[in-house]
Amino acid sequence: MLRRLNFIAVLCWCVVLLPAGPARAQVVLDMSLITCKQLLEADLDRQVLIGSWMGGYFSASKNLNMLDFRYVERNRKVVGNYCKSHKSETVMSAMQRTWH
């Protein structure tokens, strides 16, 4: 009986404490709040991810079913160049001003 209670106590302890492990990376991005400065300071993987999101966003806004990665890369660079001189502007605003 004592072993069973110990097992239950350990199991409860694990269930309560394990989810409180180390902090995880940010998993939700509000694209309307990201500034050009934040985009430029992000690592390359994050920049590519945001560039792909931008491609999907504008494809959907134009009712396009396909995503041309050459366009995505080109527009990612155009937005990045625009952002270099407009760091306080949001990425969404930069996209709207430069996306073709």
Side-chain angles (χ1 to χ4, degrees):
M1 180 74 169
L2 185 57
R3 274 189 161 163
R4 188 175 184 160
L5 287 176
N6 283 340
F7 174 75
I8 291 171
V10 169
L11 182 62
C12 289
W13 178 80
C14 288
V15 168
V16 170
L17 294 180
L18 285 181
R24 295 197 170 116
Q26 184 177 0
V27 293
V28 176
L29 293 176
D30 184 340
M31 294 301 293
S32 67
L33 300 178
I34 296 174
T35 64
C36 283
K37 181 178 188 244
Q38 290 171 318
L39 174 68
L40 295 172
E41 291 175 350
D43 61 46
L44 183 60
D45 287 341
R46 180 67 53 103
Q47 289 180 16
V48 169
L49 177 67
I50 292 170
S52 296
W53 180 90
M54 290 188 295
Y57 178 85
F58 278 106
S59 290
S61 72
K62 294 178 181 179
N63 259 352
L64 299 173
N65 298 1
M66 293 189 269
L67 184 62
D68 185 336
F69 287 102
R70 294 171 299 184
Y71 241 11
V72 170
E73 183 60 22
R74 179 200 154 284
N75 285 328
R76 186 180 69 81
K77 288 178 181 177
V78 169
V79 170
N81 287 335
Y82 178 86
C83 279
K84 287 177 184 175
S85 42
H86 300 89
K87 291 183 180 176
S88 63
E89 200 166 323
T90 65
V91 172
M92 291 292 291
S93 175
M95 287 168 42
Q96 291 167 347
R97 294 180 190 277
T98 62
W99 206 267
H100 299 290

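Just so it is clear, the structure is predicted and the values come from calculations on it, not from any experiment.
Residues Met92 and Ser32 approach most closely at CG-CA, 3.7 Å, considering heavy atoms. Contact between Leu44 and Arg76 at its shortest, heavy atoms only, is CD1-NH1, 4.3 Å. The heavy-atom pair separating Ile34 from Leu39 by the smallest distance is CG2-N, 4.3 Å. Between Leu40 and Lys87, the shortest heavy-atom contact is CD1-CE, 4.1 Å.
Remark: Leu33 CG to Thr35 OG1 distance equals 9.5 Å, nearest 0.5 Å. Asp30 CG to Thr90 OG1: the interatomic distance, rounded to the nearest 0.5 Å, is 10.5 Å.
Distance alone, capped at 3.5 Å, is enough to place a donor-acceptor pair between the Ser61 side chain and the Phe58 backbone.
Two residues are said to be in side-chain contact when any heavy atoms from C-beta on lie closer than 4.5 Å; Gln47 and Asp43 fail this criterion.
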Before you tell me yes or no, could you show the steps for Glu41 and Lys37 under side-chain contact (heavy atoms from CB on, under 4.5 Å), namely the whole-Å CA-CA distance, both residues' side-chain angles and the distance that decides it to 0.1 Å? CA-CA 6 Å; Glu41 291 175 350; Lys37 181 178 188 244; 3.2 Å; yes
Evaluation steps, side-chain contact (heavy atoms from CB on, under 4.5 Å), between Met54 and Val91: CA-CA 9 Å; Met54 290 188 295; Val91 172; 3.9 Å; yes
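A salt bridge links Arg97 with Glu89: at least one charged nitrogen is closer than 4.0 Å to a carboxylate oxygen.
Hydrophobic clustering places Tyr57 together with Val79 (ILVMFWY residues linked when any side-chain heavy atoms are closer than 4.5 Å, directly or through intermediates).
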